[in-house]
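These notes concern the structure reproduced below.
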There are 2 protein chains.
Amino acid sequence: MSKNARDTFKQLPHKTIERLSQYRRALLICLNNNKEHIFSHEIAKIQHITPVQVRRDLMLIGYSGTLRRGYNIRELIDVIAEIIDSDQGINVAIVGMGNLGRAMINYFSGKRHKLSIVAGFDTNPDKIGQLVKGVTCYDALNMKEVIQNENIEIGIITVPVIQTTATAKQLVDAGIKGILNYTPKPVEVPENVYLEEYDMITTLEKVAFYVKMENELKDELAKK
Amino acid sequence: MSKNARDTFKQLPHKTIERLSQYRRALLICLNNNKEHIFSHEIAKIQHITPVQVRRDLMLIGYSGTLRRGYNIRELIDVIAEIIDSDQGINVAIVGMGNLGRAMINYFSGKRHKLSIVAGFDTNPDKIGQLVKGVTCYDALNMKEVIQNENIEIGIITVPVIQTTATAKQLVDAGIKGILNYTPKPVEVPENVYLEEYDMITTLEKVAFYVKMENELKDELAKK
DNA sequence: ATAGTTTTGTTAAATTTTTCACAAATAGTT
DNA sequence: AACTATTTGTGAAAAATTTAACAAAACTAT
Ligand SMILES: NC(=O)c1ccc[n+]([C@@H]2O[C@H](COP(=O)([O-])OP(=O)(O)OC[C@H]3O[C@@H](n4cnc5c(N)ncnc54)[C@H](O)[C@@H]3O)[C@@H](O)[C@H]2O)c1
Ligand SMILES: NC(=O)c1ccc[n+]([C@@H]2O[C@H](COP(=O)([O-])OP(=O)(O)OC[C@H]3O[C@@H](n4cnc5c(N)ncnc54)[C@H](O)[C@@H]3O)[C@@H](O)[C@H]2O)c1
């Protein structure tokens, strides 16, 4: 990839990056259905956004469709891959092989060529040494060693809340480049480590808020 | 709550709603640590945002701190609750009591007064009738009945991808008001149903993208 | 051929969200 | 009492993101 192309992609809006991942997910499904082309309004419908938004995103990544057939699904998938995926692939580890950790491995395993969960870590002797979908669970004590040997760059944290801070530190010390924290305890990382945090309760409470608002609106109308 | 106050809250930015939920989560932890007051910059640090952002959000909800002690944690929690929570409480059901469904129940159970998971649904006879953290798993065939009897307003979808569309339809038919879809298959709902979708792969790919970018930047510098 | 329809690509405008910048208040210190 | 250091609250500016609007292209049907 040329330097200029990369510089362009680097400046893609964060929201666009997220949507590209979602487009690809949708496109892969469409491809399975033997569809060859897709219109911006079709993608938009699937993603609950506007067709302009889709076209804008594709414009930003420099991909052009054909005027009457829309976008070539196969091509578009490849263009998106060129942007999001890393040539050599990126390895991921899950720390905390409990319910959520195992669920994630089950879900993610084999879904993406260039992004693989290659190791799990736990402190529970019963879990250490076990295999989940081909992923070995290592002793968390050996984290640094395994992360460096296996060239792991991203860590997903799914340990009990109380262990969150210590785990984040361990990952950082092991030289991890990115962390995805699924515990409800926010962590601090040096600025050279990219961090995303997600708490299901936030999303659930958001849904609850808008449901509540809708209810109150209806009550009000009913009173009149 | 007065009509005007409600009208104000209704127009809170979506992002603010999300952050309020996160602030409360952080505040509850602080409260446990016997802290009474907190500054905007302290909240900001925990949430990885700027202090102005925090103050702006609190301004929008009309809560004022004291000039030299910051915000009263207890009070602020209550004010946030007044906005996000529903007086009577809201009941939630999980459809699909597999790994992820059970993990969510384990995680969420008892965490919030006004938001409770009160039922699970599955089609697997082995799961039907079981209890997870006090939550009964019902036969998905009885969904409409249970949802109406138990006054359930929100449904969380954690069924296998292939069942997603059918499940969403079932929930809508049962009169659900909000849906949180954790499967990677986007669903369509009528516009009176509030929908949130979340896919872990999107978040993971976002982390991977920025890690990749950082790597390429470093390679470039090294070459020189 | 011509008219009508549909869809892309993009400039410009609008909207939403975040940040800047600073006055006002409060407490501690000299 | 004057000075210094903090911190809140907020109008105004900036930045990020989305939407509107429409020309140009490409196909269909007449
Ligand atoms: N379950 C959910 O749906 C859900 C949702 C959001 C967040 N979370 C959070 O994710 C985390 C995990 O949830 P869960 O349901 O999988 O819990 P779990 O108890 O099933 O799993 C935690 C695992 O971490 C291991 N562990 C403990 N200390 C460790 C350490 N220092 N290093 C490595 N491994 C360690 C435990 O042995 C266990 O296997 C919790 O913090 C929870 O709050 C869970
Ligand atoms: N596991 C993860 O981390 C993860 C992450 C993101 C998304 N997802 C998605 O969440 C879903 C569930 O994942 P999982 O790991 O819990 O899978 P799972 O197979 O463990 O659980 C699915 C459950 O749904 C039940 N079920 C099947 N059809 C049903 C129906 N029509 N009505 C009600 N219940 C039904 C099954 O009996 C099973 O108990 C999948 O779509 C998966 O892609 C999972």
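All chains are named by letter (A, B, ...) in the order of the sequence lines, taking the proteins before the strands, and each is independently numbered beginning at 1. Every heavy atom of this structure was used, including side-chain atoms; hydrogens, water molecules and symmetry mates were not. Just so it is clear, the structure is predicted and the values come from calculations on it, not from any experiment.
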[atom1] of [X] versus [atom2] of [N]: gap in Å, rounded?
{"X": "B:L60", "N": "C:dT16", "atom1": "CG", "atom2": "P", "answer": "13 Å"}
{"X": "B:I43", "N": "D:dG9", "atom1": "CD1", "atom2": "P", "answer": "11 Å"}
{"X": "B:Y63", "N": "D:dG9", "atom1": "OH", "atom2": "P", "answer": "9 Å"}
{"X": "A:D57", "N": "C:dG9", "atom1": "CG", "atom2": "C1'", "answer": "13 Å"}
{"X": "A:F39", "N": "C:dT6", "atom1": "CZ", "atom2": "P", "answer": "11 Å"}
{"X": "B:R69", "N": "C:dG28", "atom1": "CZ", "atom2": "P", "answer": "10 Å"}
{"X": "A:Y71", "N": "D:dA25", "atom1": "OH", "atom2": "C1'", "answer": "13 Å"}
{"X": "A:L12", "N": "D:dT18", "atom1": "CG", "atom2": "P", "answer": "13 Å"}

Under 3.5 Å, is there a donor-acceptor pair between the A:Y63 and A:N72 side chains? no

Would you please say whether a donor-acceptor pair under 3.5 Å links the side chains of A:D57 and A:T16? yes

Below 30° counts as parallel, above 60° as perpendicular, anything between as tilted: where do the rings of B:Y210 and A:Y194 land? parallel

N/O (side chain, B:R68) to phosphate O (OP1/OP2, C:dA24) under 4.0 Å: no

Could you check A:I49 against B:V52 and say which one's nearest nucleotide on DNA chain D is further toward the 5' end? B:V52

Taking for each residue the nucleotide of DNA chain D bearing the nearest heavy atom, is the 5' side occupied by A:T16 or by A:T66? A:T16

Decide, yes or no, whether a salt bridge links A:E188 with B:K45 under the criterion of side-chain N to carboxylate O below 4.0 Å. yes

Determine whether B:T66 and B:Y71 satisfy the following criterion, side chain to side chain contact (heavy atoms under 4.5 Å, CB included), listing intermediate values before the conclusion. CA-CA 6 Å; B:T66 35; B:Y71 305 94; over 6 Å; no

Counting side-chain heavy atoms from C-beta on, which of [options] comes nearest to [X]?
{"X": "A:K15", "options": "C:dA25, D:dT17, C:dG9", "answer": "D:dT17"}
{"X": "A:M59", "options": "D:dA24, D:dC22, C:dT11", "answer": "C:dT11"}
{"X": "A:H14", "options": "D:dT17, C:dT17, D:dT7", "answer": "D:dT17"}

With a non-hydrogen cut-off below 4.0 angstrom, is [X] in contact with a base, only sugar-phosphate, or nothing?
{"X": "A:S64", "answer": "sugar-phosphate"}
{"X": "B:S40", "answer": "sugar-phosphate"}
{"X": "A:R56", "answer": "base"}

